[in-house]
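These notes concern the structure reproduced below.
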Amino acid sequence: MKLFSAHIEDLRSLYISDLRKALDMEQKITKALPDLIESATDEELADAFRTHLAETQEHVRKVEALLSENAGDTSTETCKVIDGLISEASDIITDVTDFSIRNISLIGAAQQVEHHEIAVYGTLRRWAELLGLDSDAAILESIEDDEQTADEILSEISERVNVEAIA
């Protein structure tokens with residue numbers, strides 16, 4: 001049961017509500033990535049997570065700026081999806097003891113997060129365009145591009161790590 005409503009009345013209020021969820025998502029990812037870095041035994045994978053942590057910290061700053069400009073504050077709304085995805089990643093860290101299997105599992109969990117982020121930022125970008133917020137749309141597109149690149153890097157790493165796991 002929700003105690004407080006987001007009072008979504010139009011596209012602008014929906015846009016701001018989802019920006020608040022995007023900020024919550026990025027803040028939670030920033031907190032979760034160090035555990036993935038520590039748990040990855042493949043150095044290239046750990047480096048990819050380190051790089052993405054730095055990008056994610058920048059995404060937090062960008063989304064905070066968008067919220068500040070559009071809503072006057074940087075309060076968040078809970079992103080329930082990221083809570084579930086991070087919980088799954090935490091389970092992998094705890095449950096998977098074979099290092100090669102853990103690495104491919106971490107890649108899978110990270111790609112699920114990336115796919116969600118790509119969807120979130122693609123949607124927000126389109127709404128910004130519809131609202132005539134061209135500067136917002138450009139910022140959101142740059143974040144979306146970062147997420148797509150991170151997903152591509154994980155796919156490249158998985159080509160090697162998946163084969164190693166089978167061996």
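We number each residue from 1, following the sequence as shown. Computed from a prediction, not measured in an experiment: that's the story for all the values here.
- We find that Lys62 and Glu26 are not joined by a salt bridge, their nearest charged nitrogen and carboxylate oxygen being 4.0 Å or further apart.
- One finds the CD1 atom of Ile86 at 10.0 Å from the CE atom of Met25 (value rounded to the nearest 0.5 Å).
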Could you go through Glu164 and Asp42, starting from their C-alpha distance and side-chain angles, then the distance that decides it, and tell me whether this counts as side chain to side chain contact (heavy atoms under 4.5 Å, CB included)?
CA-CA 11 Å; Glu164 291 172 1; Asp42 182 88; 4.3 Å; yes
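- Using modelled atom types, one side-chain atom of Ser39 and one backbone atom of Asp35 make a donor-acceptor pair closer than 3.5 Å.
- Between Leu106 and Ile92, the closest side-chain pair of non-hydrogen atoms falls below 4.5 Å.
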Contacts table for residues 134-141: side-chain donor-acceptor under 3.5 angstrom, sequence neighbours left out:
from   : atom 1 : to    : atom 2 : distance (Å)
Asp136 : OD2    : Tyr15 : OH     : 2.7
Asp136 : OD2    : Asn70 : ND2    : 2.8

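- Minimum heavy-atom separation, Ile16 to Leu67: O-CD2, 4.0 Å.
- Applying the salt bridge (charged side-chain N to carboxylate O under 4.0 Å, His left out) criterion to Asp24, with sequence neighbours excluded, gives Lys28.
- Hydrophobic clustering (side-chain heavy atoms under 4.5 Å, transitive across Ile, Leu, Val, Met, Phe, Trp, Tyr) keeps Ile118 apart from Val63.
- For Ser87, there are no side chain to side chain donor-acceptor pair (under 3.5 Å) partners two or more places apart in sequence or in a different chain.
- Taking Thr41 as the reference, Asn103 meet the side chain to side chain donor-acceptor pair (under 3.5 Å) condition, with sequence neighbours excluded.
- With hydrogens and angles disregarded, a donor-acceptor distance shorter than 3.5 Å links the side chain of Ser13 to the backbone of Asp10.
- Atom CD of Glu58 sits in a crowded spot, with more than 12 heavy atoms from other residues, nucleotides or ligands closer than 6.0 Å.
- Remark: Ile107 CD1 to Ile153 CD1 distance equals 12.0 Å, nearest 0.5 Å.
- Checked by atom type and distance alone, the side chain of Gln111 pairs as donor or acceptor with a backbone atom of Asp151 at under 3.5 Å.
- Taken from NE2 in His59 to CG in Leu53, the straight-line distance is 11.0 Å, to the nearest 0.5 Å.
- If you run side chain to side chain contact (heavy atoms under 4.5 Å, CB included) between Ile104 and each of Asn162, Asp98, Ile157, only Asn162 comes through.
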Can you list the steps and then say if Cys79 with His116 is a side chain to side chain contact (heavy atoms under 4.5 Å, CB included)?
CA-CA 11 Å; Cys79 176; His116 177 65; 3.8 Å; yes
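- Using modelled atom types, one finds no donor on one side chain facing an acceptor on the other under 3.5 Å when comparing Thr76 with Gln27.
- The shortest distance between side-chain heavy atoms of Arg12 and Leu130 does not fall below 4.5 Å.
- Val96 and Phe49 end up in the same hydrophobic cluster when Ile, Leu, Val, Met, Phe, Trp and Tyr side chains are linked at under 4.5 Å.
- Here the side chains of Ile143 and Leu124 are not in contact, with every heavy-atom distance at 4.5 Å or above.
- Tracing side-chain contacts under 4.5 Å through hydrophobic residues (I, L, V, M, F, W, Y), one never reaches Ile101 starting from Val163; they form parts of separate clusters.
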Take Leu133 and Trp127 through the test side chain to side chain contact (heavy atoms under 4.5 Å, CB included) and record every step on the way to the result.
CA-CA 8 Å; Leu133 303 171; Trp127 290 347; over 6 Å; no
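- For Glu129, the salt bridge (charged side-chain N to carboxylate O under 4.0 Å, His left out) partners two or more places apart in sequence, or in a different chain, are Arg125, Arg126.
- Judged purely by distance below 3.5 Å, without hydrogens or angles, the side chains of Glu147 and His52 pair a donor atom with an acceptor atom.
- Both Ile93 and Val161 belong to a common hydrophobic cluster when Ile, Leu, Val, Met, Phe, Trp and Tyr are linked at side-chain heavy-atom distances under 4.5 angstrom.
- Closest heavy-atom contact between Ser17 and Glu77: OG-OE1, 2.8 Å.
- Interatomic distance, Arg61 CZ to Ser68 OG, rounded to the nearest 0.5 Å: 15.0 Å.
- In this structure, the side chains of Arg160 and Glu44 come closer than 4.5 Å at one or more pairs of heavy atoms.
- Rounded to the nearest 0.5 Å, atoms CG (Leu154) and NE2 (His115) are 8.5 Å apart.
- Residues Pro34 and Thr30 share a closest heavy-atom pair of CD-O, 3.2 Å.
- Taken from CG in Asp91 to OG in Ser105, the straight-line distance is 11.0 Å, to the nearest 0.5 Å.
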Please step through side chain to side chain contact (heavy atoms under 4.5 Å, CB included) for the pair Glu55 and Leu33, ending with a clear verdict.
CA-CA 11 Å; Glu55 290 172 346; Leu33 275 168; over 6 Å; no
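- Side chain of Ser158 to backbone of Ser155: a donor-acceptor contact under 3.5 angstrom is found.
- In this view, Glu43 and Arg50 satisfy the salt bridge (charged side-chain N to carboxylate O under 4.0 Å, His left out) rule, not counting sequence neighbours.
- At least one side-chain heavy atom of Glu117 sits less than 4.5 Å from a side-chain heavy atom of Ile29.
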